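Written below as structure tokens is the structure these notes are about.
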Amino acid sequence: MIARLAIANRGEIARRIIRTATSMGIETVAMYSDTDAGSPHVRDSDLAVRLTGRGASETYLNVDAVVDAALRSRADALHPGYGFLSENAELARAAIAAGLTWVGPTPDVIAAMGDKLAAKSAMAAAGVPTLPTWTADDPAVEFPVLVKAAAGGGGKGMRVVRTRPELPGAIEAAAREANGAFGDPTVFLERLVARARHIEVQILADSHGNFVHLFERECSLQRRHQKIVEECPSSALDDELRRAMGDAALRGARAVGYLGAGTVEFVLEDDGRFWFLEVNTRIQVEHPVTEAVTGVDLVREQLLVAAGEPLSVRQEDLSIRGHAIEARLYAEDPANDFLPCTGVVADFSVPARPALRWESGVEQGSVVGIDFDPMLAKVISHAPSRLEAARSLALGLSRARLRGVVTNRDFLVAALRSTAFLRGDTTTDFVDTAGVPRLRDATEEEVAVAAAAAALAARHARRSTAGVLRNVPGGWRNSVMPPERASYRHRGTNVEVCYSFGRDGSATFVVNALTLQLSGVDVSAAEPGLEVTVSVGGDGERRLHVLEAPPKVWVQSAGGDIELDIVERFSVAGSQNPEGSLVSPMPGRVVRVSVAAGDVVEAGTELVVIEAMKMEHKLTAATSGRVGEVLVSAGDQVAAGQLLVVVEDALRDGPDAPEGQAKPEGQAEAEGTR
Amino acid sequence: MPGLALQSSVDTNGEDFASRRDAMLEKLSELGRLAESAAAGGGAKATERLRSRGKMPIRERISYLIDRDSPFLEISPLAGYMTDYAVGGGMVLGIGVVEGTECVIIGNDPTDLGGAMTAVSIRKLMRALEIARLNRMPYIQLVESAGGDLRGLSDGDDPEAVMRRNLTHFAESGRMFHDITELSALGVPTVSIVFGSSTAGGAYQPGLSDYNIFVEGHAKVFLGGPPLVRMATGEISADEELGGAAMHASVSGLADYLAVDEMDAIRTARAVISHLHWRKAGPGPLTGDPEPPLFDPDELLGLMPADLRQPVEVRDVIARIVDGSRFEEFKASYGSTLVTGWAEIGGFAVGILANNGVLFSESAQKAAQFIQLANQCSTPLVFLQHITGYMVGRDYERGGIVKHGSQMINALSNSTVPHITVILGASYGAGNYGMGGRAFDTRFVFLWPTAKIAIMGPKQMAGVMSIVRREQAARRNFELDEDSERARSEAVEAFAEAQSLGLYATGRVADDGIIDPRDTRTVLTIALSACHSAQVKGAPGYGVFRL
């Protein structure tokens with residue numbers, strides 16, 4: 001029996017485990033790094049232990065620290081969650097040696113499955129279909145080919161290579177990334193399966209010889225080799241294939257003596273053949289999909305098994321009820337190759353309806369930094385049909401208020417509503433081929449109404465805090481004066497707002513070229529922020545939620561959220577970066593500086609490479625010119641927006657300098673290395 | 001909470017109401033047209049030329065200077081009406097909030113005669129300084145002026161006729177320099193933003209200010225420009241070296257802040273006001289959340305009759321401008337042609353004196369008492385004028401109407417609480433004086449579009465003149481030609497009528513502007529708040545009352 005469970009993890013999964021443990025009457029112990037002090041998972045737990053040190057490596061990835069924390073808190077069991085040390089055999093061994101009950105398979109199984117090459121042979125021996133493994137100089141290598149890290153996971157150290165000349169460089173980069181992420185540079189090659197689907201089977205095994213599978217999860221929607229949408233059942237499986245894959249998974253599990261909850265991952269070809277990929281010896285991010293359709297609490301089963309009890313379910317009791325879909329909300333920029341983003345969560349408000357399962361580790365005020373995975377939350381819908389599950393998930397996501405960090409929300413909503421997805425046309429290349437827009441394109445009218453709402457909210461805030469004449473109508477005039485003005489930028493475009501109020505409280509807003517007649521204007525508190533009710537041209541009342549956190553303001557309507565940059569009325573001279581400035585798109589560490597002052601560069605020339613979130617990001621010149629200043633050097637820690645390099649336009653310095661040539665705002669584009 | 005809510009007997013569905021409302025709206029639309037023309041300044045072309053030089057029109061400068069979404073009360077927006085000058089008088093004057101501080105803001109309109117100082121704009125400037133002084137409000141001037149209006153004669157003018165009619169003199173206008181520096185001595189900060197030329201006499205505007213902000217490349221401040229210097233000393237010089245912003249910021253020290261452009265200058269002025277940490281000396285409003293009146297202010301449009309000899313129930317006006325329509329009436333049954341009582345407007349405590357007919361001895365005495373009471377409790381007074389004068393006639397003279405009227409004027413003259421007057425309709429004779437007229441240091445005087453201000457009513461005026469002529473004719477024993485007498489009478493009445501119109505007065509800066517009746521409560525709130533910038537304190541003593 002487990003009395004007190006320590007959780008060597010953070011964020012939503014720590015909260016998830018705490019929830020089930022608590023309902024089973026088990027006390028919980030949270031662990032936290034300094035940056036996570038006061039986080040929701042810390043507050044949810046009964047006890048919390050600080051992990052001293054910096055970054056993940058000294059805290060959640062530190063075996064000794066984690067075991068020590070569990071012992072100090074007098075926990076009798078340790079749950080690793082997912083990620084971090086969840087598939088680390090050393091932790092399992094150390095925990096068991098320290099007398100803790102380990103929630104997971106035996107250390108030997110973890111170790112065996114952690115080496116992908118070893119796992120492949122074990123599965124092949126058990127009769128599970130596997131793809132051939134190639135080495136770098138194998139003449140049989142077919143392109144395109146996939147470079148994978150033996151110790152890999154989460155897409156790290158993975159590269160798609162299309163031609164042989166690219167191979168050595170890709171292997172080197174993958175090895176470097178794998179070494180950075182897992183401390184093991186070993187990589188291998190595998191055939192890249194075209195039009196593939198990622199199908200995984202959830203398994204459970206107890207120490208009484210019971211093995212069950214809880215059907216599949218389809219996780220084909222991926223970007224950067226990481227899943228973003230998962231569902232059960234898969235639209236590609238019929239009962240026969242479902243049984244075949246479930247049987248294969250259990251065959252493999254039995255062969256290796258599996259214990260606890262695990263996932264056997266397969267790649268499914270469009271001809272129905274499937275190949276073993278790997279076994280994840282832990283709870284998965286996407287486990288709630290299975291829980292929704294089967295009604296089984298997987299964390300509870302994990303804890304039962306760890307305590308030596310039998311599983312609570314038998315294979316014949318299990319069936320799939322309805323359809324469940326999970327979407328992962330990431331702090332990342334879909335328009336910028338899904339690169340991770342950082343920031344402070346200014347608003348995290350989830351709608352009461354539709355009723356979805358929200359699992360999040362962040363809240364308003366949380367800092368999304370570079371130390372940890374940028375997943376903000378996952379959202380799970382469960383409905384009688386796939387269509388309803390997809391639509392309610394999209395609606396719930398679109399209604400949520402997620403401000404302060406750039407997220408993939410709009411992309412997820414668009415993906416869930418796309419015909420390709422609704423048709424079940426989900427293959428691993430979906431993100432690249434389905435044509436789902438990376439950004440929501442708000443109409444001119446939507447932007448205009450949003451800017452008007454932002455101005456109304458700002459006006460309300462100013463008027464309600466005015467030190468004098470507070471109860472005189474805002475902007476009141478007794479003569480002909482210019483209208484009140486507010487300026488914003490939306491995705492680099494100026495949004496100029498002019499407005500004036502009539503005697504009856506109606507208002508005329510001119511936003512760029514659009515004129516809006518507003519009536520029924522009301523502004524009320526809706527923490528955090530303000531709710532603006534307005535009727536545009538008499539079309540019925542709309543409610544918009546406005547949150548201002550300079551230099552940004554967000555306006556959410558039924559159509560979605562629009563982020564505006566506030567253009568200050570009075571700018572301070574000299575506060576702008578010079579033209580041709582390359583600024584860091586995210587916080588990170590400079591891996592190398594590829595140019596020196598005076599170098600002549602062309603558009604696309606690599607200037608600086610920075611590492612963030614364990615990924616290398618190549619920053620290139622937006623235009624050709626000569627390098628003026630270089631302000632950083634390798635090893636420097638840089639902040640988002642920090643000036644790195646200035647490229648002077650060579651042409652502009654010459655005697656024939658063309659005048660008035662517009663240059664792109666961004667000045668340099670960040671390009672993630674693939 | 002003062003008093004019970006007033007009832008109102010106005011039949012808003014009646015024909016009278018509708019026709020009065022229509023007439024008022026017609027007057028308002030005429031005023032609206034004049035306001036548009038004032039705002040247009042020197043016209044679209046001149047404005048375009050201004051913008052092409054990187055400059056903003058004056059109203060835009062002011063709109064960026066004041067706090068966003070804050071109110072702005074323009075003072076005398078139609079100054080110059082029916083004069084040789086453009087409506088508006090080439091200057092914009094108003095009360096605006098800058099960094100949370102109510103300020104007097106005045107600026108030249110450089111599109112109108114290059115912002116030259118004219119008889120009208122000097123009156124506005126003097127009024128601006130007076131408002132700042134009486135109400136202890138920081139003073140900001142936005143300067144861009146070609147200097148004094150040197151045009152003496154127009155083509156075809158008879159020089160002697162022009163001189164005969166002109167009773168102003170250059171020497172008088174020096175008073176503005178006196179008043180600017182006096183403000184500073186009284187502890188009222190003065191700020192000049194120089195956007196363009198400010199030369200000769202104009203150079204003293206920044207010269208005498210506490211803080212000067214010059215726009216680089218645009219501000220030019222010198223006593224004598226290149227032609228004058230050349231005439232005086234033979235020295236050849238250029239504008240920039242004589243009086244450019246950069247020179248003044250780095251060499252002469254006349255500029256305290258050098259702004260890169262107009263927006264930077266405005267930003268700087270706001271920063272200057274911000275660092276004053278200005279504290280108002282008055283007690284401020286009693287509540288930040290006053291009740292609106294129970295009756296729709298829109299109904300104020302339908303109260304004033306076309307014929308101002310008709311009485312108006314002034315409580316119907318009060319009910320639509322005071323908070324919660326609450327009014328604690330004082331001496332309701334005594335001297336009932338003057339309504340006196342206590343109320344709140346925009347949260348500010350006030351005493352109200354409002355005409356409800358001709359002033360009799362009792363009403364004058366009641367006024368004298370009420371004004372003294374307001375001084376006892378340091379409460380500002382609001383006068384609502386609709387007055388044809390003090391009662392005349394044998395009985396009234398014998399009853400001491402002169403004495404009693406004098407008591408009222410004595411109480412008013414020596415009262416030290418702020419007075420604000422709204423002229424709703426008639427404002428004739430000594431009634432204008434006794435009811436807080438302009439000449440009595442009234443802090444603000446506003447007119448409704450229906451206001452008429454004169455020694456007496458135009459009909460009475462024509463009638464009196466006719467009687468005098470008939471008496472003369474009788475004495476000299478000749479017969480008046482009735483037709484020409486009628487024509488003369490009509491001409492006199494028409495002239496008197498035209499001269500009595502509110503617009504005529506406002507054109508001469510004899511008031512602070514004509515307001516939309518629906519804005520009365522808002523205007524009074526802003527004016528009261530301005531008055532509370534200074535100490536609000538009743539008179540410690542009084543002159544001898546003739547009892």
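Here is the naming used below: chain letters follow the sequence lines, and residue numbers restart at 1 for every chain. Computed from a predicted model, the values in this text were never measured in an experiment. Just so it is clear, the values below take in all heavy atoms, side chains as well, and ignore hydrogens, waters and symmetry mates.
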Does any non-hydrogen side-chain atom of [Y] lie less than 4.5 Å from one of [X]?
X: A:W476; Y: B:V523; answer: yes
X: B:V97; Y: A:V468; answer: yes
X: B:R59; Y: A:S479; answer: yes

How long is the span from the [atom1] atom in [X] to the [atom2] atom in [Y], to the nearest 0.5 Å?
X: A:N471; Y: B:D289; atom1: CG; atom2: CG; value: 7.5 Å
X: B:S63; Y: A:R477; atom1: OG; atom2: CZ; value: 7.0 Å
X: B:T287; Y: A:R470; atom1: OG1; atom2: CZ; value: 9.5 Å

Among [options], which residue forms the greatest number of heavy-atom pairs with chain A at distances under 4.5 Å?
options: B:E102, B:R518, B:K280, B:H532; answer: B:R518
options: B:P290, B:P77, B:P297; answer: B:P290
options: B:R68, B:E36, B:E60; answer: B:R68

Which answer fits [X], side chain, backbone, both or neither, if we ask what part of it has an atom under 4.5 Å from a heavy atom of chain A?
X: B:R270; answer: side chain
X: B:D516; answer: side chain
X: B:L31; answer: neither

Would you say A:R543 has more than 12 foreign heavy atoms packed within less than 6.0 Å of its CZ?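 Check fails, neighbour count at 12 or below.
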Crowding at CD, B:E30 (>12 non-hydrogen neighbours, <6.0 Å):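 Yes, because the 6.0 Å sphere around CD of B:E30 holds more than 12 heavy atoms from other groups.
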Step-by-step side chain to side chain contact (heavy atoms under 4.5 Å, CB included) determination, A:N478 to B:F446: CA-CA 12 Å; A:N478 65 327; B:F446 298 101; 5.8 Å; no
Under 4.5 Å from any heavy atom of chain B - which part of A:R569: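 Contact with chain B: backbone and side chain both.
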Structural part of A:Y499 lying under 4.5 Å from a heavy atom of chain B: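 It is the side chain, since no backbone atom gets that close.
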Per the side chain to side chain contact (heavy atoms under 4.5 Å, CB included) rule, which among B:S70, B:P71, B:S529 passes with A:V472?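 Among B:S70, B:P71, B:S529, the one meeting side chain to side chain contact (heavy atoms under 4.5 Å, CB included) with A:V472 is B:P71.
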Hey, which of A:P482, A:P473, A:A466 has the most heavy atom pairs under 4.5 Å with chain B?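 The candidate making the most pairs under 4.5 Å is A:P482.
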Specify the closest pair of heavy atoms between A:F570 and B:Y64, including all atoms of both residues, with the distance to one decimal.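 Distance-wise, the nearest heavy atoms are CZ-O, 3.5 Å.
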Before accepting this row, confirm whether a basic side-chain N of the pair B:D69/A:R463 lies closer than 4.0 Å to the acidic partner's carboxylate O.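 Not counted as a salt bridge, because no side-chain N and carboxylate O are separated by less than 4.0 Å.
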Ion pair A:R503/B:D298, N-O distance below 4.0 Å: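 Salt bridge absent between A:R503 and B:D298.
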Would you list the atom pairs, donor with acceptor, under 3.5 Å between side chains in residues 511-522 of chain A and any protein atom, with sequence neighbours excluded?
unit_1	atom_1	unit_2	atom_2	d
A:N512	OD1	A:E496	N	2.9
A:N512	ND2	A:N494	O	3.0
A:Q517	OE1	A:T508	OG1	3.1

